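Presented below is the structure to which this report refers.
Throughout, a chain's letter reflects where its sequence line sits, starting with A, and its residues are numbered from 1. For clarity, every value in this text was computed on a predicted model and none was experimentally measured.
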Number of protein chains: 2
Amino acid sequence: MYELFFQQFNEKVPLTAEEQETIKTFLTPKKLRKKQYLLQEGDICKYIAFVEKGALKSYVIDEAGTERITQFALEGWTISDLYSFLTGEPATYLIDAIEDAELVLISKAAHEELLQQVPKYETYIRLQITGAYIALQRRLTSIISLPIEERYKNLTTLYPTIVQRVPQHMIASYMGLTPETLSRVRGRVTGRK
Amino acid sequence: MYELFFQQFNEKVPLTAEEQETIKTFLTPKKLRKKQYLLQEGDICKYIAFVEKGALKSYVIDEAGTERITQFALEGWTISDLYSFLTGEPATYLIDAIEDAELVLISKAAHEELLQQVPKYETYIRLQITGAYIALQRRLTSIISLPIEERYKNLTTLYPTIVQRVPQHMIASYMGLTPETLSRVRGRVTGRK
DNA sequence: TAGATTCCTTGATTTTGATCAATGCCTTAG
DNA sequence: CTAAGGCATTGATCAAAATCAAGGAATCTA
(Lines give C-alpha, C1' and ligand atoms only; values in the text may rest on other atoms or scores of the structure.)
Protein backbone atom coordinates (compact mmCIF):
# COMPACT_ATOMS: atom_id res chain seq x y z
CA MET A 1 0.00 0.00 0.00
CA TYR A 2 1.14 3.49 -0.93
CA GLU A 3 3.93 1.93 -3.02
CA LEU A 4 4.01 4.54 -5.76
CA PHE A 5 3.59 7.39 -3.29
CA PHE A 6 6.63 6.38 -1.27
CA GLN A 7 8.61 5.43 -4.32
CA GLN A 8 8.22 8.97 -5.63
CA PHE A 9 8.74 10.50 -2.22
CA ASN A 10 12.00 8.63 -1.78
CA GLU A 11 13.19 9.64 -5.22
CA LYS A 12 12.74 13.27 -4.27
CA VAL A 13 13.67 13.05 -0.59
CA PRO A 14 15.07 9.76 0.75
CA LEU A 15 13.34 8.67 3.93
CA THR A 16 14.40 6.45 6.79
CA ALA A 17 12.15 3.54 7.70
CA GLU A 18 10.87 5.38 10.77
CA GLU A 19 10.10 8.53 8.87
CA GLN A 20 8.19 6.49 6.38
CA GLU A 21 6.19 4.84 9.15
CA THR A 22 5.38 8.18 10.72
CA ILE A 23 4.16 9.57 7.44
CA LYS A 24 2.10 6.46 6.80
CA THR A 25 0.01 7.11 9.88
CA PHE A 26 -1.17 10.36 8.35
CA LEU A 27 -2.30 8.92 5.04
CA THR A 28 -5.71 7.61 4.06
CA PRO A 29 -6.41 5.33 1.11
CA LYS A 30 -9.45 5.88 -1.03
CA LYS A 31 -10.93 4.21 -4.07
CA LEU A 32 -13.00 6.06 -6.62
CA ARG A 33 -15.19 4.64 -9.33
CA LYS A 34 -15.20 6.17 -12.80
CA LYS A 35 -17.32 9.35 -12.80
CA GLN A 36 -17.30 9.62 -9.01
CA TYR A 37 -16.46 12.99 -7.54
CA LEU A 38 -13.53 13.67 -5.32
CA LEU A 39 -14.51 17.30 -5.04
CA GLN A 40 -17.82 18.88 -5.94
CA GLU A 41 -18.82 22.39 -6.90
CA GLY A 42 -18.57 24.72 -3.93
CA ASP A 43 -17.37 22.13 -1.42
CA ILE A 44 -14.30 22.84 0.61
CA CYS A 45 -11.34 20.86 -0.63
CA LYS A 46 -10.32 18.67 2.28
CA TYR A 47 -7.51 16.67 0.70
CA ILE A 48 -4.48 16.57 -1.43
CA ALA A 49 -4.86 13.41 -3.49
CA PHE A 50 -1.99 11.38 -4.85
CA VAL A 51 -2.97 9.00 -7.65
CA GLU A 52 -1.71 5.46 -7.11
CA LYS A 53 -3.81 4.05 -9.93
CA GLY A 54 -6.32 5.30 -12.47
CA ALA A 55 -6.99 8.80 -13.69
CA LEU A 56 -8.77 11.93 -12.52
CA LYS A 57 -9.47 15.35 -13.93
CA SER A 58 -10.13 18.75 -12.43
CA TYR A 59 -12.30 21.25 -14.25
CA VAL A 60 -14.68 24.18 -14.10
CA ILE A 61 -18.05 24.64 -15.75
CA ASP A 62 -18.23 27.74 -17.94
CA GLU A 63 -21.32 29.95 -18.41
CA ALA A 64 -22.43 27.86 -21.39
CA GLY A 65 -22.42 24.83 -19.10
CA THR A 66 -19.39 23.30 -20.78
CA GLU A 67 -16.74 21.44 -18.87
CA ARG A 68 -13.31 23.10 -19.09
CA ILE A 69 -10.60 20.75 -17.93
CA THR A 70 -7.73 22.37 -16.06
CA GLN A 71 -5.72 19.31 -15.18
CA PHE A 72 -5.39 15.59 -15.61
CA ALA A 73 -3.83 13.37 -12.97
CA LEU A 74 -2.65 9.89 -13.85
CA GLU A 75 -0.60 7.53 -11.71
CA GLY A 76 2.09 9.39 -9.81
CA TRP A 77 0.44 12.79 -10.09
CA THR A 78 -1.13 14.83 -7.35
CA ILE A 79 -4.43 16.64 -7.64
CA SER A 80 -6.30 19.07 -5.44
CA ASP A 81 -7.88 22.49 -5.35
CA LEU A 82 -4.91 23.92 -3.55
CA TYR A 83 -6.41 27.32 -2.92
CA SER A 84 -9.48 25.85 -1.30
CA PHE A 85 -7.38 23.31 0.59
CA LEU A 86 -5.09 25.96 2.05
CA THR A 87 -7.63 28.70 2.77
CA GLY A 88 -10.76 26.71 3.57
CA GLU A 89 -12.69 28.73 0.97
CA PRO A 90 -15.20 26.90 -1.26
CA ALA A 91 -13.57 25.16 -4.18
CA THR A 92 -13.54 26.68 -7.64
CA TYR A 93 -12.69 23.40 -9.31
CA LEU A 94 -14.47 20.09 -9.54
CA ILE A 95 -12.54 16.86 -9.47
CA ASP A 96 -13.74 13.45 -10.60
CA ALA A 97 -12.43 10.12 -11.81
CA ILE A 98 -12.14 9.41 -15.51
CA GLU A 99 -11.11 5.84 -14.71
CA ASP A 100 -11.53 3.77 -11.57
CA ALA A 101 -8.83 5.06 -9.27
CA GLU A 102 -6.90 4.43 -6.09
CA LEU A 103 -5.81 7.47 -4.17
CA VAL A 104 -3.66 8.40 -1.24
CA LEU A 105 -5.27 11.24 0.66
CA ILE A 106 -3.58 13.80 2.85
CA SER A 107 -6.06 15.78 4.94
CA LYS A 108 -5.53 19.37 5.99
CA ALA A 109 -4.83 18.31 9.58
CA ALA A 110 -2.39 15.65 8.40
CA HIS A 111 -0.69 18.15 6.12
CA GLU A 112 -0.15 20.61 8.94
CA GLU A 113 1.06 17.98 11.36
CA LEU A 114 3.46 16.61 8.79
CA LEU A 115 4.87 20.07 8.10
CA GLN A 116 5.53 20.41 11.84
CA GLN A 117 6.80 16.95 12.59
CA VAL A 118 8.64 15.81 9.49
CA PRO A 119 11.00 18.36 7.93
CA LYS A 120 11.42 16.18 4.87
CA TYR A 121 7.72 16.46 4.21
CA GLU A 122 8.09 20.19 3.74
CA THR A 123 10.91 19.56 1.31
CA TYR A 124 8.80 17.04 -0.55
CA ILE A 125 5.92 19.47 -0.81
CA ARG A 126 8.22 22.26 -1.94
CA LEU A 127 9.67 20.11 -4.71
CA GLN A 128 6.27 18.84 -5.67
CA ILE A 129 4.78 22.32 -6.03
CA THR A 130 7.85 23.57 -7.82
CA GLY A 131 7.43 20.82 -10.40
CA ALA A 132 3.75 21.59 -10.77
CA TYR A 133 4.51 25.28 -11.15
CA ILE A 134 7.06 24.70 -13.87
CA ALA A 135 4.72 22.37 -15.75
CA LEU A 136 1.94 24.92 -15.53
CA GLN A 137 4.18 27.72 -16.72
CA ARG A 138 5.24 25.65 -19.68
CA ARG A 139 1.64 24.93 -20.55
CA LEU A 140 0.65 28.56 -20.29
CA THR A 141 3.56 29.63 -22.43
CA SER A 142 2.66 27.15 -25.11
CA ILE A 143 -0.92 28.41 -25.09
CA ILE A 144 -0.01 32.03 -25.65
CA SER A 145 2.94 31.52 -27.96
CA LEU A 146 2.36 28.46 -30.14
CA PRO A 147 -0.06 27.63 -32.93
CA ILE A 148 -2.58 24.94 -32.05
CA GLU A 149 -0.87 22.22 -34.02
CA GLU A 150 2.40 22.74 -32.18
CA ARG A 151 0.56 22.69 -28.91
CA TYR A 152 -0.97 19.37 -29.78
CA LYS A 153 2.37 17.93 -30.84
CA ASN A 154 3.92 19.18 -27.61
CA LEU A 155 1.24 17.50 -25.62
CA THR A 156 1.68 14.18 -27.37
CA THR A 157 5.45 14.18 -26.91
CA LEU A 158 5.37 15.53 -23.35
CA TYR A 159 2.46 13.45 -22.08
CA PRO A 160 1.87 10.60 -24.53
CA THR A 161 0.04 8.58 -21.89
CA ILE A 162 -2.57 11.26 -21.43
CA VAL A 163 -3.25 11.50 -25.14
CA GLN A 164 -3.52 7.73 -25.34
CA ARG A 165 -5.70 7.10 -22.34
CA VAL A 166 -7.97 10.10 -22.24
CA PRO A 167 -10.89 10.57 -24.69
CA GLN A 168 -10.22 13.19 -27.31
CA HIS A 169 -13.02 15.51 -26.35
CA MET A 170 -11.39 15.85 -22.94
CA ILE A 171 -8.07 16.69 -24.54
CA ALA A 172 -9.94 19.31 -26.56
CA SER A 173 -11.44 20.74 -23.40
CA TYR A 174 -8.02 20.77 -21.76
CA MET A 175 -6.63 22.67 -24.75
CA GLY A 176 -9.51 25.12 -24.76
CA LEU A 177 -10.82 23.89 -28.10
CA THR A 178 -13.99 22.26 -29.35
CA PRO A 179 -13.81 18.54 -30.11
CA GLU A 180 -14.45 19.32 -33.77
CA THR A 181 -11.47 21.62 -34.02
CA LEU A 182 -9.18 19.15 -32.30
CA SER A 183 -10.35 16.41 -34.63
CA ARG A 184 -9.41 18.56 -37.62
CA VAL A 185 -6.08 19.51 -36.10
CA ARG A 186 -5.33 15.84 -35.59
CA GLY A 187 -6.24 15.18 -39.17
CA ARG A 188 -3.65 17.69 -40.25
CA VAL A 189 -0.95 16.65 -37.79
CA THR A 190 -1.34 12.87 -37.86
CA GLY A 191 -2.89 12.43 -41.27
CA ARG A 192 -0.35 13.85 -43.67
CA LYS A 193 3.33 12.97 -43.18
CA MET B 1 18.00 48.14 1.96
CA TYR B 2 15.91 45.06 1.20
CA GLU B 3 13.04 46.66 3.16
CA LEU B 4 10.22 45.30 1.07
CA PHE B 5 11.86 41.90 0.76
CA PHE B 6 12.10 41.44 4.50
CA GLN B 7 8.74 43.00 5.14
CA GLN B 8 7.15 40.35 2.95
CA PHE B 9 9.34 37.62 4.31
CA ASN B 10 8.35 38.47 7.86
CA GLU B 11 4.69 38.56 6.95
CA LYS B 12 4.95 35.03 5.67
CA VAL B 13 7.52 33.69 8.13
CA PRO B 14 8.54 35.87 11.08
CA LEU B 15 12.30 36.06 11.45
CA THR B 16 14.55 36.79 14.41
CA ALA B 17 17.10 39.57 14.02
CA GLU B 18 19.91 37.05 13.64
CA GLU B 19 18.11 35.03 11.02
CA GLN B 20 17.51 38.21 9.11
CA GLU B 21 21.20 39.11 9.29
CA THR B 22 22.22 35.68 8.11
CA ILE B 23 19.90 35.88 5.15
CA LYS B 24 21.14 39.36 4.31
CA THR B 25 24.64 38.08 3.74
CA PHE B 26 23.33 35.93 0.90
CA LEU B 27 21.52 38.68 -0.96
CA THR B 28 22.83 40.95 -3.71
CA PRO B 29 21.25 44.24 -4.73
CA LYS B 30 21.00 45.16 -8.37
CA LYS B 31 19.66 48.10 -10.30
CA LEU B 32 18.29 47.78 -13.78
CA ARG B 33 17.55 50.53 -16.27
CA LYS B 34 14.43 50.42 -18.38
CA LYS B 35 14.89 47.98 -21.29
CA GLN B 36 17.91 46.34 -19.69
CA TYR B 37 17.96 42.57 -19.58
CA LEU B 38 18.06 40.53 -16.44
CA LEU B 39 18.05 37.34 -18.46
CA GLN B 40 18.75 36.93 -22.13
CA GLU B 41 17.79 34.31 -24.68
CA GLY B 42 19.58 31.06 -24.01
CA ASP B 43 21.55 32.22 -20.98
CA ILE B 44 21.41 30.20 -17.84
CA CYS B 45 19.24 31.84 -15.23
CA LYS B 46 21.52 32.54 -12.31
CA TYR B 47 19.14 34.35 -9.98
CA ILE B 48 15.79 34.58 -8.39
CA ALA B 49 14.97 38.28 -8.46
CA PHE B 50 12.74 40.04 -5.96
CA VAL B 51 11.47 43.42 -7.13
CA GLU B 52 11.97 46.17 -4.55
CA LYS B 53 11.08 48.91 -6.99
CA GLY B 54 10.11 49.24 -10.63
CA ALA B 55 8.72 46.65 -13.01
CA LEU B 56 9.98 43.75 -15.10
CA LYS B 57 8.49 41.33 -17.54
CA SER B 58 9.37 37.84 -18.67
CA TYR B 59 8.52 36.70 -22.17
CA VAL B 60 9.29 34.47 -25.12
CA ILE B 61 9.65 35.36 -28.78
CA ASP B 62 7.32 33.38 -31.03
CA GLU B 63 8.14 32.19 -34.57
CA ALA B 64 6.72 35.40 -36.03
CA GLY B 65 9.22 37.33 -33.90
CA THR B 66 6.54 38.70 -31.62
CA GLU B 67 7.07 39.13 -27.91
CA ARG B 68 4.71 37.00 -25.82
CA ILE B 69 4.70 38.14 -22.23
CA THR B 70 4.37 35.39 -19.67
CA GLN B 71 4.64 37.41 -16.49
CA PHE B 72 4.88 40.88 -15.03
CA ALA B 73 6.67 41.58 -11.79
CA LEU B 74 6.05 44.82 -9.92
CA GLU B 75 7.18 45.73 -6.42
CA GLY B 76 6.92 42.80 -4.07
CA TRP B 77 6.86 40.17 -6.79
CA THR B 78 9.53 37.65 -7.61
CA ILE B 79 10.67 36.80 -11.10
CA SER B 80 12.97 34.17 -12.57
CA ASP B 81 13.17 31.37 -15.09
CA LEU B 82 12.76 28.80 -12.37
CA TYR B 83 13.38 25.80 -14.57
CA SER B 84 16.65 27.17 -15.84
CA PHE B 85 17.59 28.34 -12.35
CA LEU B 86 17.02 24.94 -10.80
CA THR B 87 18.38 22.72 -13.54
CA GLY B 88 21.11 24.88 -15.05
CA GLU B 89 19.61 24.40 -18.51
CA PRO B 90 19.52 27.39 -20.89
CA ALA B 91 16.62 29.70 -20.21
CA THR B 92 13.45 29.59 -22.27
CA TYR B 93 12.32 33.00 -21.10
CA LEU B 94 13.77 36.46 -21.44
CA ILE B 95 13.46 38.96 -18.64
CA ASP B 96 13.91 42.72 -18.88
CA ALA B 97 12.91 45.90 -17.11
CA ILE B 98 9.87 47.85 -18.28
CA GLU B 99 10.72 50.57 -15.76
CA ASP B 100 13.95 51.40 -13.95
CA ALA B 101 14.10 48.82 -11.21
CA GLU B 102 15.81 47.81 -7.98
CA LEU B 103 16.16 44.13 -7.35
CA VAL B 104 17.22 41.74 -4.64
CA LEU B 105 19.04 38.82 -6.17
CA ILE B 106 19.40 35.33 -4.76
CA SER B 107 22.00 33.29 -6.60
CA LYS B 108 21.85 29.55 -7.02
CA ALA B 109 24.63 29.06 -4.48
CA ALA B 110 22.91 31.38 -2.03
CA HIS B 111 19.62 29.59 -2.54
CA GLU B 112 21.14 26.22 -1.77
CA GLU B 113 23.02 27.46 1.26
CA LEU B 114 19.91 29.14 2.60
CA LEU B 115 17.88 25.98 2.18
CA GLN B 116 20.51 24.15 4.23
CA GLN B 117 21.17 26.75 6.88
CA VAL B 118 17.88 28.54 7.45
CA PRO B 119 14.82 26.31 7.76
CA LYS B 120 12.54 29.31 7.55
CA TYR B 121 13.91 30.06 4.13
CA GLU B 122 12.56 26.78 2.86
CA THR B 123 9.20 27.66 4.34
CA TYR B 124 9.31 31.07 2.71
CA ILE B 125 10.14 29.55 -0.66
CA ARG B 126 7.41 26.96 -0.29
CA LEU B 127 4.82 29.62 0.46
CA GLN B 128 6.11 31.84 -2.29
CA ILE B 129 5.89 29.12 -4.93
CA THR B 130 2.53 28.00 -3.67
CA GLY B 131 1.21 31.51 -4.14
CA ALA B 132 2.72 31.73 -7.61
CA TYR B 133 1.24 28.37 -8.51
CA ILE B 134 -2.23 29.36 -7.40
CA ALA B 135 -2.04 32.65 -9.29
CA LEU B 136 -0.90 30.85 -12.42
CA GLN B 137 -3.65 28.28 -12.13
CA ARG B 138 -6.21 31.02 -11.80
CA ARG B 139 -4.85 32.72 -14.88
CA LEU B 140 -4.87 29.55 -16.91
CA THR B 141 -8.41 28.77 -15.86
CA SER B 142 -9.59 32.20 -16.89
CA ILE B 143 -7.92 31.78 -20.27
CA ILE B 144 -9.61 28.51 -21.08
CA SER B 145 -12.99 29.21 -19.50
CA LEU B 146 -13.82 32.90 -19.84
CA PRO B 147 -14.61 35.17 -22.78
CA ILE B 148 -11.98 37.83 -23.45
CA GLU B 149 -13.96 40.65 -21.91
CA GLU B 150 -14.32 38.81 -18.63
CA ARG B 151 -10.63 38.05 -18.67
CA TYR B 152 -9.85 41.71 -19.07
CA LYS B 153 -12.21 42.68 -16.28
CA ASN B 154 -10.65 40.04 -14.03
CA LEU B 155 -7.23 41.41 -14.75
CA THR B 156 -8.23 44.97 -13.91
CA THR B 157 -9.87 43.99 -10.64
CA LEU B 158 -7.20 41.49 -9.63
CA TYR B 159 -4.17 43.53 -10.67
CA PRO B 160 -5.27 47.14 -11.18
CA THR B 161 -1.71 48.38 -10.78
CA ILE B 162 -0.49 46.34 -13.70
CA VAL B 163 -3.22 47.62 -15.98
CA GLN B 164 -2.45 51.18 -14.90
CA ARG B 165 1.31 51.12 -15.14
CA VAL B 166 1.98 48.82 -18.06
CA PRO B 167 1.45 49.92 -21.68
CA GLN B 168 -1.60 48.38 -23.29
CA HIS B 169 0.21 46.52 -26.00
CA MET B 170 2.04 44.62 -23.27
CA ILE B 171 -1.22 43.73 -21.58
CA ALA B 172 -2.41 42.50 -24.97
CA SER B 173 0.69 40.36 -25.32
CA TYR B 174 0.17 39.01 -21.82
CA MET B 175 -3.41 38.10 -22.71
CA GLY B 176 -2.38 36.49 -25.97
CA LEU B 177 -4.15 39.12 -28.08
CA THR B 178 -3.14 41.73 -30.62
CA PRO B 179 -3.12 45.35 -29.42
CA GLU B 180 -5.94 46.11 -31.85
CA THR B 181 -8.19 43.47 -30.37
CA LEU B 182 -7.48 44.58 -26.82
CA SER B 183 -8.25 48.15 -27.79
CA ARG B 184 -11.64 47.08 -29.12
CA VAL B 185 -12.34 44.96 -26.07
CA ARG B 186 -11.58 47.94 -23.88
CA GLY B 187 -13.91 50.03 -25.96
CA ARG B 188 -16.67 47.57 -25.23
CA VAL B 189 -15.89 47.05 -21.56
CA THR B 190 -15.00 50.58 -20.52
CA GLY B 191 -16.90 52.56 -23.12
CA ARG B 192 -20.51 51.60 -22.66
CA LYS B 193 -21.93 51.31 -19.13
C1' DT C 1 -28.46 -9.33 -28.57
C1' DA C 2 -30.70 -5.03 -29.15
C1' DG C 3 -30.81 -0.48 -27.82
C1' DA C 4 -28.69 3.35 -26.07
C1' DT C 5 -24.75 6.09 -25.18
C1' DT C 6 -20.54 7.92 -26.01
C1' DC C 7 -17.26 9.40 -29.04
C1' DC C 8 -15.11 10.90 -33.22
C1' DT C 9 -15.43 12.71 -37.73
C1' DT C 10 -16.92 15.57 -41.66
C1' DG C 11 -19.42 19.35 -43.93
C1' DA C 12 -21.65 24.07 -44.20
C1' DT C 13 -22.13 28.39 -42.05
C1' DT C 14 -21.23 31.98 -38.75
C1' DT C 15 -18.52 34.46 -35.56
C1' DT C 16 -14.43 36.18 -33.75
C1' DG C 17 -10.00 37.76 -33.71
C1' DA C 18 -5.83 38.65 -36.79
C1' DT C 19 -3.94 41.24 -40.25
C1' DC C 20 -3.24 45.23 -43.05
C1' DA C 21 -3.48 50.10 -43.25
C1' DA C 22 -3.96 54.77 -41.80
C1' DT C 23 -4.40 58.54 -38.39
C1' DG C 24 -3.48 61.31 -34.42
C1' DC C 25 -1.51 61.92 -29.95
C1' DC C 26 2.08 62.10 -26.87
C1' DT C 27 6.67 61.61 -25.34
C1' DT C 28 11.41 62.19 -25.94
C1' DA C 29 15.92 62.94 -27.89
C1' DG C 30 18.69 65.71 -30.69
C1' DC D 1 11.60 73.47 -30.42
C1' DT D 2 11.06 70.19 -33.75
C1' DA D 3 11.37 65.76 -35.76
C1' DA D 4 10.93 60.89 -34.78
C1' DG D 5 9.31 57.07 -32.67
C1' DG D 6 6.20 54.78 -29.68
C1' DC D 7 1.49 54.04 -28.64
C1' DA D 8 -3.55 53.68 -28.95
C1' DT D 9 -7.45 53.83 -31.89
C1' DT D 10 -10.45 52.87 -35.90
C1' DG D 11 -11.77 50.79 -40.29
C1' DA D 12 -11.75 47.11 -43.94
C1' DT D 13 -10.58 42.61 -45.13
C1' DC D 14 -9.09 37.93 -44.24
C1' DA D 15 -8.33 33.62 -41.73
C1' DA D 16 -9.28 30.51 -38.21
C1' DA D 17 -12.05 28.42 -34.90
C1' DA D 18 -16.90 27.96 -33.14
C1' DT D 19 -21.23 26.53 -34.03
C1' DC D 20 -24.80 23.85 -36.09
C1' DA D 21 -25.91 19.56 -38.01
C1' DA D 22 -25.60 14.86 -39.23
C1' DG D 23 -23.70 10.26 -39.51
C1' DG D 24 -21.21 6.25 -38.23
C1' DA D 25 -18.30 3.36 -35.23
C1' DA D 26 -17.44 1.49 -30.83
C1' DT D 27 -18.77 0.44 -26.13
C1' DC D 28 -21.66 -0.36 -22.44
C1' DT D 29 -25.81 -2.24 -20.52
C1' DA D 30 -30.32 -4.01 -19.79
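Between Leu146(A) atom CG and dA16(D) atom P the separation is 16 Å, expressed in whole Å. Whole-Å rounding puts the Lys34(A) NZ to dC28(D) P distance at 6 Å. Following rounding to the nearest Å, Glu180(A) (CD) and dC20(D) (C1') show an atom-to-atom distance of 9 Å. Between the P atom of dA18(C) and the CD1 atom of Ile144(A) lies a distance of 13 Å, rounded to the nearest Å. Atom CD in Glu99(B) sits about 17 Å away from atom C1' in dT28(C), given to the nearest Å. Atom OH in Tyr152(A) sits about 12 Å away from atom C1' in dC8(C), given to the nearest Å. We find that CD of Glu149(A) is positioned 8 Å from P of dA17(D), with the value rounded to whole Å. One interatomic measurement links the two molecules: CD1 of Ile98(B) to C1' of dC7(D), which rounds to 15 Å at whole-angstrom precision.
Of the listed nucleotides (dC7(C), dT10(C), dT10(D)), dC7(C) has the atom at the smallest distance from the side chain of His169(A).
Taking a 6.0 Å sphere around NZ of Lys120(B), one finds it holds more than 12 heavy atoms contributed by other residues, nucleotides or ligands.
A 4.5 Å side-chain heavy-atom check between Lys30(A) and Tyr47(A) finds every atom pair outside the cut-off. A heavy-atom distance below 4.5 Å is found between the side chains of Leu86(B) and Ile134(A). Between Glu102(B) and Lys31(B), some side-chain heavy-atom pair lies under the 4.5 Å cut-off.
The distance from the OG1 atom of Thr123(B) to the CD1 atom of Ile125(A) is 12.0 Å, given to the nearest 0.5 Å.
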Set out, line by line, the N/O atom pairs under 3.5 Å between protein and nucleotides 12-17 of chain C.
| residue | atom | partner | partner atom | Å |
| --- | --- | --- | --- | --- |
| dA12(C) | N6 | Arg184(A) | NH2 | 3.4 |

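In terms of position on DNA chain D, the residue among Lys35(B) and Ser183(B) whose nearest nucleotide sits closer to the 5' end is Lys35(B).
Grouping the Ile, Leu, Val, Met, Phe, Trp and Tyr side chains by contacts below 4.5 angstrom, directly or via other members, places Ile129(A) with Leu115(A).
OP1 or OP2 of dT9(D) sits under 4.0 Å from a side-chain N or O of Arg186(B). In this model, the phosphate group of dT9(C) is approached by a side-chain N or O of Gln168(A) to a distance below 4.0 Å at OP1 or OP2.
Residue pairs meeting the salt bridge (charged side-chain N to carboxylate O under 4.0 Å, His left out) criterion with at least one partner in residues 65-93 of chain B, sequence neighbours excluded, are Lys57(B)-Glu67(B), Asp62(B)-Arg68(B), Glu75(B)-Arg165(B).
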